[in-house]
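Before any comments, here is the structure.
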Amino acid sequence: MKYEDADILAFISNKSKLTSAPEKATNSENSEKSAGSGENTGLKLSPENEMKAPENVLPKETPNQGTQPAFDEFPSPSPETLVKSNQESSGIDPKLFSNTLSGLSSLSGAIPEPASFFPEDSSVAGFSEKDELPFETFEEYDTGVSLSRTDPSLGEAFGIVTTGIEPLEITPSGATITGYIASARRSEIRLGTYVVVPYEDSEKLFARVGKLQYRQEFAVDDATEIHSRRMLNSRASPINEADYKFLACLDPLCILYRKRVEGSLTRRMADRIPRPNTPILPVTDRLEVQTGLNIPEEGIFLGHLSVGGELVKTHSEPETVAYYLRNDYSMGDPLIFRHMLICGSTGTGKTFLSKNILRQFMTENNRYRLRNSPDKARKNPCLVIMDPQDEYSQIFEDNDILTEDDKFRFESENVTYGRVQSTKAFVAKVDGQKYPGDKSRAEQIEFTIPFSLVEHNSWLIAAAGMSELQFIGLEVLLGDFFKSSVPHTYQNFISHIQNEGTRSYYIDSNRIHESSYDGIVRRVSSKFFSKVFDRDATPISNIVDKIFKPGQISVFPTEYISSPRIRDLIVLTIMSLIVDNKLNTTGIDAIKETPIILALDEAHRYLSKANGEHARLIISRFADAARQGRKEALGLFLITQDPQDIDDTVIKQINTKLILNLNNDAAISSLKVPKEYERRIPYLKKGQMVIHSPDNSDIVEILGLSNCVVRHR
């Protein structure tokens, strides 16, 4: 079947074909002559293929009506009017129009002269090849162009809400909202991408992409050998995205709205569904993101919001979305007193992240109130850090690699940076061990642990393997020893219990069983105790006011100590000193009346699950501290690579969890995060983390700073 050029043009313009008036005899003769000679100078129209005239383009003269128009009420427009009207209605560039005609030339071989569609005396018979024909081009139906012309934000739409796959549905337990994603935007969509869907009023649905899927656009079977070979052939054309439906299932998070036109943006639960064909838009307003995810607009900076390791960017300035930890009393106590946990495998950047976060607490304007303080004054916190790697004393030093651009970005998002001059290193005097102290210029203060602290903390000298009967017997021996008039030193206590007369007294009076007594003596007579207690240095009980000062960072390094048992003894001594004075109704004023943030690295070593009487006593004491931390201004900042080893009673008191890369299934399960985030944790990159803080925001992914705000080497 032969297609005339007129048919092709009519098809491409998406309009009905033009009707040609009856040809004059001369034209017919010329056409027959041209056909006979093989030339294509005109069109030969058969009766059955004769075109009908459109209503808006009519010849001036017909055989029956002389020279009058066919219809007076529809006069034939001039060529200029046609072209101008066409351009105004469609918004098409004339150059684009000409290019379309050029493409038609290659398609049909030759474009017929415009005069061949009209009688010679028609008003459009004078069109030249350079004139633009009044045909609409296919580009007019590009939805992206028309959307952006009516609303600039719609030009950024990912796609539309559709009911073509599943019906739109919302219930108290969940929702089904499916979006069709246009092929041009499909590469920008990720699992977890945040979007907004406007309602017919000023409200917006704030949602997260919870599932992505492809579906076939046409009913074809692409699971065949022939199709697979064709696709695998190196000469095959690339896959056409338009042949498939790309669908995004949205998880509604909330609805954003304003109570009044000038009111603040707020949120409520998702209680309505959007209309079909509503555009799905990227979130470009930082306030919408922070409100939608319930992130405070100010507080302690933790990182930047991200999705799949890529920063979420908005049209605001700065374009990133900062994640802050709530640090005021507007909704109760600051969240640091509900405790924080940072966990991640070795080498994932726990120390780097901890330095950046802890530095944010040490500002002059950051003050906390004490409920039991007589003057109800607010004070700067004292940051106490248990440092097993001797890295935190570097907070005393500036990071000299920070650029002016880094500092400008920090200041634009209220990120505190730079050294803390009040940083001090408190070094335990241990026999045979020497602290090098070459990682920072922070002041170093040496101390020793007096045996007198054991009077109210018998578990400091109790070995981990001590039985319940032995532990009870030890408390009896210690109670009697501290009632005696002899100096209360470790050596005097050992001499006392090793005395044969003392042994006979306790055994013969049945106060302590013989086997238990001998077991106690063996366990507490260990040489490592003598290396720690009562050394030649200032007792720590005499410098409490120097350690716990508002606005000071007190670091206790233990890297230089070779014995793990001595390390644990020193750390547990400091922890017990803080807890005892915070929880008791009476205590040392320097501790009782100072807000304290206790940062405990390798927390699993000291707060492990109880497997004996000794461990149970330690855990119960610190679980009480965690429960009462809010009213006593005591915040725990725990750092570990083995969160599964921390006792459940302590884990339950932790409100904010920052989770870096973990590959241990038991560790991931112990954190109790939603399943969709559990699957992400093993794939987190360095500096990328999931944060779970129910009182602060929804669970989200954030990226930490790329540079440390203080020295980190």
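Only this structure's heavy atoms are used, side chains among them; waters, hydrogens and symmetry mates stay out. Keep in mind that what you see is a predicted model, and the values were worked out from it rather than measured.
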What distance do Lys350 atom NZ and Gln641 atom CD have between them, rounded to the nearest 0.5 Å? 5.0 Å
Show me the donor-acceptor pairs within less than 3.5 Å that the side chains of residues 420-433 make with the rest of the protein, sequence neighbours left out.
from: Ser422; atom 1: OG; to: Gly551; atom 2: O; distance (Å): 2.7
from: Thr423; atom 1: OG1; to: Val420; atom 2: O; distance (Å): 2.8
from: Lys429; atom 1: NZ; to: Asp536; atom 2: O; distance (Å): 3.2
from: Gln433; atom 1: OE1; to: Ser562; atom 2: N; distance (Å): 3.4
from: Gln433; atom 1: NE2; to: Ser562; atom 2: OG; distance (Å): 3.2

Check whether any side-chain heavy atom of Gln653 sits under 4.5 Å from a side-chain heavy atom of Thr649, and report yes or no. no
Do Leu660 and Ser345 have side chains that approach each other closer than 4.5 Å (heavy atoms only, starting at C-beta)? no
Is any side-chain N of the basic residue among Asp333 and Lys631 closer than 4.0 Å to the acidic one's carboxylate O? no
Should Phe548 and Ile578 count as side-chain neighbours, where that means a heavy-atom distance under 4.5 Å? yes
Given the ring of Tyr329, does Arg369 sit roughly above its face, with NZ or CZ under 6.0 Å from the centre of the six-membered ring and within 45° of the axis? yes
Going through the checks in order, is the side-chain contact (heavy atoms from CB on, under 4.5 Å) test met by Asn327 and Tyr368? CA-CA 9 Å; Asn327 196 46; Tyr368 302 114; 2.7 Å; yes
Where do Asp642 and Thr640 land on the side-chain hydrogen bond (donor to acceptor under 3.5 Å, both in side chains) test, with the steps shown first? CA-CA 5 Å; Asp642 297 314; Thr640 182; 5.3 Å; no
Are Phe361 and Ile597 close enough that some pair of their side-chain heavy atoms sits under 4.5 Å apart? yes
Quick check with a 6.0 Å cut-off and a 45 degree axis cone: is Arg680 positioned over the face of Tyr677's six-membered ring? yes
Quiz question: by atom type and distance under 3.5 Å, do the side chains of Thr489 and Asn492 form a donor-acceptor pair? yes
Residues Lys439, Asp387: salt bridge by 4.0 Å N-O rule: no
Any ring-ring contact (aromatic ring centres under 6.0 Å, His included) involving residues 382-401? Give me the pairs, sequence neighbours left out, ordered by first then second residue. none
Residues forming a salt bridge (charged side-chain N to carboxylate O under 4.0 Å, His left out) with Asp568, sequence neighbours excluded: Arg605
Please state whether the rings of Phe451 and Phe482 are parallel, tilted or perpendicular, taking 30° and 60° as the class boundaries. parallel
Main-chain N/O of Met386 paired with Asp601 side-chain donor or acceptor, under 3.5 Å: no
Value rounded to 0.5 Å, distance of CD1 in Ile547 from CD1 in Ile574: 5.5 Å
Please output the side-chain donor-acceptor pairs of residues 336-343 that fall under 3.5 Å, not counting sequence neighbours, one pair per line with the distance.
from: Arg338; atom 1: NH1; to: Asp695; atom 2: OD2; distance (Å): 2.8
from: Arg338; atom 1: NH2; to: Asp695; atom 2: OD2; distance (Å): 3.3
from: His339; atom 1: ND1; to: Leu636; atom 2: N; distance (Å): 3.0
from: His339; atom 1: NE2; to: Ala626; atom 2: O; distance (Å): 2.6

Atom pair OH (Tyr417) and CD (Glu411), whose distance is rounded to the nearest 0.5 Å: 4.0 Å
Side-chain contact test, heavy atoms from C-beta onward, threshold under 4.5 Å: evaluate it for Lys549 versus Cys382 and give yes or no. no
Got a sec, which residues hit salt bridge (charged side-chain N to carboxylate O under 4.0 Å, His left out) with Lys531, two or more places apart in sequence or on another chain? none
Atom pair CD1/OG1 of Ile596 and Thr594 - distance to nearest 0.5 Å: 6.0 Å
Side chain to side chain, Val650 and Leu638, heavy atoms closer than 4.5 Å: yes
What class does the angle between the rings of His304 and Phe301 fall in, given that below 30° is parallel, 30 to 60° is tilted and above 60° is perpendicular? perpendicular
Flag side-chain contact, heavy atom, 4.5 Å: Tyr324 against Ile300: no
For a quick test of your reading: what N or O donor-acceptor pairs under 3.5 Å do the side chains of residues 700-713 make, sequence neighbours left out?
from: Glu701; atom 1: OE1; to: Gly308; atom 2: N; distance (Å): 3.1
from: Glu701; atom 1: OE2; to: Ser306; atom 2: OG; distance (Å): 2.7
from: Glu701; atom 1: OE2; to: Gly308; atom 2: N; distance (Å): 3.3
from: Glu701; atom 1: OE2; to: Gly309; atom 2: N; distance (Å): 2.7
from: Glu701; atom 1: OE2; to: Gln688; atom 2: NE2; distance (Å): 3.1
from: Asn707; atom 1: ND2; to: Asp406; atom 2: OD2; distance (Å): 3.1
from: His712; atom 1: ND1; to: Lys355; atom 2: NZ; distance (Å): 3.2
from: Arg713; atom 1: NH2; to: Asp400; atom 2: OD2; distance (Å): 3.3

Minimal heavy-atom distance between Gln470 and Ile520, with the atoms involved, is O-CD1, 3.3 Å
